[in-house]
Structures are given as C-alpha cells and as structure tokens.
Protein chains: 2
Amino acid sequence: MSDAQKGPVFTEIVLEVFKLGGLLVSEGDRMGSEYGITSARWKILGALSLAGEPQTVPQIAGSMGLTRQAVQRLVDAMQKDNLLLFQDNPGHKRAKLISLSDLGKTVYSKLYDKQSGWAKTCSAGITQAELETTLSVLERISGAIDR
Amino acid sequence: MSDAQKGPVFTEIVLEVFKLGGLLVSEGDRMGSEYGITSARWKILGALSLAGEPQTVPQIAGSMGLTRQAVQRLVDAMQKDNLLLFQDNPGHKRAKLISLSDLGKTVYSKLYDKQSGWAKTCSAGITQAELETTLSVLERISGAIDR
DNA sequence: GGCGAATTGACAACATGTTGACAACCTCGG
DNA sequence: CCGAGGTTGTCAACATGTTGTCAATTCGCC
C-alpha cells in the first residue's frame with residue numbers, strides 16, 4: 001500500500017477533528033449549563049481531579065496542552081465562583097497550589113455521571129477495538145506534531 | 001466485551017480531540033504565516049476549493065460546522081485582503097456568491113503542497129487502515145452528536 | 001553567597017468561535 | 001397578490017484561545 005493515499009485521508013481527519021472539536025465544546029457547554037459551567041471550566045475540573053493532588057497553573061496547562069495564560073484566566077474566574085481553592089505553596093511564593101473546592105468536587109461528580117450516559121450513547125455501534133485504534137492514532141499524530 | 005469499558009476510552013478520545021485541535025491550529029498558523037494566512041482562513045479557502053463552485057456564506061458555514069456569523073467575519077476580512085471575490089447572486093439580492101480570487105487560488109495551491117509533505121511526516125508509522133478506522137470513528141461520533 | 005537563566009503571574013492585543021437580536025430579503029400557501 | 005415564516009447580513013457581547021511583554025521569584029551553577 002503506497003503512502004500516497006494516506007495524505008487525503010489524513011487531511012479529512014484533520015478537518016473532522018476541527019468539526020468534532022466544535023461539536024464537543026457545544027455539547028459540553030450544553031451539559032454543563034445546568035451547573036453554570038462551560039466546557040473549558042469542565043476541562044480544568046477534570047485535570048485537577050485526574051491529578052489527584054493540588055496543581056500549579058503551569059502544571060495544569062501542560063497536562064491539557066494549553067498556555068499557562070489561558071489556564072490562569074479560567075482558574076482565576078473559577079476561584080471567584082467558588083469552584084476552586086488557592087493554597088499557599090510551601091517552597092514557592094508565587095506559584096499557588098490549586099485544588100477543587102467542595103462545590104467543585106460536587107459539580108464535577110455530577111457532570112461525570114451525566115457524561116457517562118452520553119458517552120455510552122455516542123459510542124453505540126463503535127467497537128472497543130475501533131475506539132482504541134482511534135485514540136492511539138490521535139495520540140501518535142499529536143506526538144508527531146509536538147516534537 | 002462489555003460496554004462499560006468504552007466510556008473511559010471515549011473520554012480520552014474527547015480530550016485528545018481537544019488537544020490535537022489546538023496543536024493543528026498552531027501548526028496551520030505556522031505553515032500559513034509565510035503567506036499571511038491563518039488556520040481559519042485556510043479552512044475557508046479549502047471549503048471553497050472543495051466545493052468547486054461559488055458558495056454563499058451559509059453554505060460554507062454548513063460544510064465546515066461553523067455558524068454563519070463566524071464565517072461571515074472571516075470572509076469579509078479575506079475579501080479585503082484580496083483572497084476572495086464577491087459576485088452578485090442572480091436570484092438572491094442579499095446572499096452574495098463567494099469564490100477564490102487568483103491570489104486565493106495561488107495561496108491555497110502553495111499551502112496544499114506544503115501540507116502534503118507535512119501530512120506524510122505526521123502519518124509515518126500509521127497504516128492506511130488505521131487512518132481510515134480513525135476517520136470513520138470520528139465521523140460516526142460527529143453524526144451521533146449532530147442529530 | 002551570589003549571579004545569570006528559567007519560571008511564574010499579570011496585563012494587553014488580537015484571532016476565532018459562540019449566542020442573541022434586528023432588519024432586509026426571499027418563498028410559498030391561501 | 002400578499003402576508004407569515006424562514007433565510008441572510010449585520011452588529012454587539014461574550015468565552016476561549018494565542019502571542020508578546022514585563023517584573024517578581026526561583027533555581028542552578030560557580
């Protein structure tokens with residue numbers, strides 16, 4: 001199989017990633033609106049929950065592939081809305097440690113449940129193997145761009 | 001194989017789509033900067049080229065999964081930069097037909113060549129079958145959300 | 001200990017996307 | 001023919017991301 005045919009498929013994947021990204025943001029906004037949360041804020045909650053321990057802004061940014069400035073703005077706004085807690089960082093005066101507040105934990109937990117049902121609906125008719133191949137391919141493409 | 005395991009993989013795909021989307025936008029901006037073009041503008045050029053005939057703003061928006069307002073703003077700016085041509089639409093006084101100018105065609109062609117080499121590098125080590133599975137899965141997920 | 005380099009927070013300017021609203025235009029059924 | 005309802009362009013407000021810059025802080029090496 002010649003590589004020549006991979007170009008067009010690759011281009012279609014790129015366009016589909018753009019399109020799907022937009023749809024996922026809209027869907028996330030819709031699901032989160034009940035709790036006054038947007039897709040971007042949801043991602044922050046997820047990153048903190050996944051990490052399991054308080055994180056600094058640059059750490060969150062790194063794990064999500066965003067700039068620290070973008071994360072900083074979201075985090076500042078979310079603290080004002082009582083979704084996050086800032087703690088002093090022993091050993092670094094400027095870089096505060098950020099963790100989920102009780103409200104943040106509650107909201108994330110409810111969103112997780114809501115998302116689980118939605119994910120099941122969306123992946124109906126797609127096999128586990130297909131999903132795993134897709135994830136692997138997307139990760140390899142990300143990796144090829146990153147370095 | 002139980003469906004229960006599909007949820008976590010699905011969630012990872014969602015996060016990877018967000019991350020990859022960001023990387024692709026940056027990469028597109030980088031490649032287009034030589035011609036004074038951004039990822040968003042590139043997508044407009046691509047949509048018009050793919051259509052093969054002049055399109056209205058709502059038509060472009062539909063094919064790209066964006067709102068007509070977002071497309072309108074890009075298209076207006078691109079006409080000012082001589083990348084696009086507006087033609088009167090016989091049969092509709094408001095909805096102008098938009099097509100690539102000579103400059104637009106030239107720029108798109110050069111970007112296409114540039115992107116081809118890049119796509120080959122990115123897809124190194126990924127089989128045609130894997131790429132096709134990925135595209136199919138992404139399209140099915142989009143489809144599941146859309147309706 | 002101290003100095004140069006890297007990290008971090010803060011602020012600004014900009015690009016790109018959304019939603020909402022309004023008026024002008026088009027279409028189609030009665 | 002005409003009026004109701006959908007389509008289109010336009011404008012505004014906002015959310016989210018980027019890059020660039022600056023000062024404060026921290027880190028690593030001598």
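Being a predicted model, the structure only gives us computed values, none of them experimental. All chains are named by letter (A, B, ...) in the order of the sequence lines, taking the proteins before the strands, and each is independently numbered beginning at 1.
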K.L.:
Apply salt bridge (Lys or Arg N to Asp or Glu O under 4.0 Å) to A:Arg140 and list each qualifying residue two or more places apart in sequence or on a separate chain.
P.N.:
B:Glu130
K.L.:
Quick one: B:Gln59 CD to D:dT7 C1', roughly how many Å, whole number?
P.N.:
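One finds 12 Å between C1' of D:dT7 and CD of B:Gln59, rounded.
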K.L.:
Rounded to whole angstroms, how far apart are CG on B:Leu24 and P on C:dT16?
P.N.:
16 Å
K.L.:
With sequence neighbours left out, write down each residue that passes side chain to side chain contact (heavy atoms under 4.5 Å, CB included) with B:Glu139, or none if nothing qualifies.
P.N.:
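So B:Glu139 forms a side chain to side chain contact (heavy atoms under 4.5 Å, CB included) with A:Glu12, A:Glu16, B:Leu135.
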K.L.:
Sequence neighbours left out, what pairs pass salt bridge (Lys or Arg N to Asp or Glu O under 4.0 Å) with at least one residue falling in residues 34-48 of chain A?
P.N.:
A:Glu34-A:Lys114, A:Arg41-A:Asp81
K.L.:
Using a 4.0 Å heavy-atom cut-off across all strands, classify A:Ala95 as base, sugar-phosphate, or nothing.
P.N.:
sugar-phosphate
K.L.:
Rounded to whole angstroms, how far apart are CD1 on A:Ile60 and C1' on D:dT16?
P.N.:
16 Å
K.L.:
Nearest whole Å is fine: how far is C:dG17 C1' from A:Leu23 CG?
P.N.:
13 Å
K.L.:
Just how far, in rounded Å, is P of C:dT19 from CG of B:Leu66?
P.N.:
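After rounding, the reported distance stands at 11 Å.
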K.L.:
I'd like to compare against my own output: the B/S/- annotation of nucleotides 20-26 of chain C with a strict under-4.0 Å heavy-atom distance to protein.
P.N.:
BB-BBSS
K.L.:
Which nucleotide in the set D:dG9, C:dT18, D:dT18 lies at the smallest distance from any side-chain heavy atom of A:Arg73?
P.N.:
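Taking heavy atoms from C-beta onward, the closest nucleotide is D:dT18.
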K.L.:
For B:Phe10 and A:Ala119, which heavy atoms make the closest approach, and how far apart are they?
P.N.:
CD2-CB, 3.5 Å
K.L.:
Side-chain donor-acceptor pairs under 3.5 Å in residues 50-66 of chain A, sequence neighbours left out?
P.N.:
from    : atom 1 : to      : atom 2 : distance (Å)
A:Gln55 : NE2    : A:Glu53 : O      : 3.4
A:Thr56 : OG1    : A:Gln59 : N      : 3.4
A:Thr56 : OG1    : A:Gln59 : OE1    : 3.4
A:Gln59 : OE1    : A:Thr56 : N      : 2.8
A:Ser63 : OG     : A:Ile60 : O      : 2.9

K.L.:
How would you list, by chain and number, every residue that makes a ring-ring contact (aromatic ring centres under 6.0 Å, His included) with A:Phe18, sequence neighbours excluded?
P.N.:
none
K.L.:
Bend across the helix from C:dG1-D:dC30 to C:dG30-D:dC1, to 10°, with axes taken over 5 pairs at each end?
P.N.:
30°
K.L.:
Does a side-chain N or O of A:Thr67 approach OP1 or OP2 of D:dT18 to a distance below 4.0 Å, or not?
P.N.:
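For D:dT18, OP1/OP2 do have a side-chain N/O of A:Thr67 under 4.0 Å.
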K.L.:
Which whole-number value in Å describes the distance from B:Lys96 NZ to D:dG9 P?
P.N.:
9 Å
K.L.:
Roughly how many Å is it from CG in B:Asp76 to C1' in C:dA15, rounded to a whole number?
P.N.:
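Atom-to-atom, B:Asp76 to C:dA15, this comes out as 15 Å.
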K.L.:
When the distance from CG of A:Leu74 to P of D:dA15 is rounded to whole Å, what number comes out?
P.N.:
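From A:Leu74 CG to D:dA15 P: 11 Å.
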K.L.:
Specify the residues of residues 25-43 of chain A, ordered by number, for which at least one heavy atom lies under 4.0 angstrom from an atom of DNA chain D.
P.N.:
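Within residues 25-43 of chain A, the residues near DNA chain D are A:Thr38, A:Ala40, A:Lys43.
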K.L.:
Holding to side chain to side chain contact (heavy atoms under 4.5 Å, CB included), I want the full list of residues that pass it with A:Leu20, two or more places apart in sequence or in another chain.
P.N.:
A:Leu24, B:Val17, B:Leu138, B:Ile141, B:Ser142, B:Ile145
K.L.:
Are the side chain of A:Asp29 and the backbone N or O of A:Ser39 linked by a donor-acceptor pair below 3.5 Å?
P.N.:
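Yes.
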K.L.:
Applying salt bridge (Lys or Arg N to Asp or Glu O under 4.0 Å), name anything that partners A:Asp76, two or more places apart in sequence or on another chain.
P.N.:
none
K.L.:
Residues in side chain to side chain contact (heavy atoms under 4.5 Å, CB included) with B:Thr67, at least two apart?
P.N.:
B:Gln69, B:Ala70
K.L.:
For B:Val107, what residues pass the side chain to side chain contact (heavy atoms under 4.5 Å, CB included) criterion, not counting sequence neighbours?
P.N.:
B:Tyr35, B:Ile37, B:Leu45, B:Leu83, B:Leu103, B:Leu111
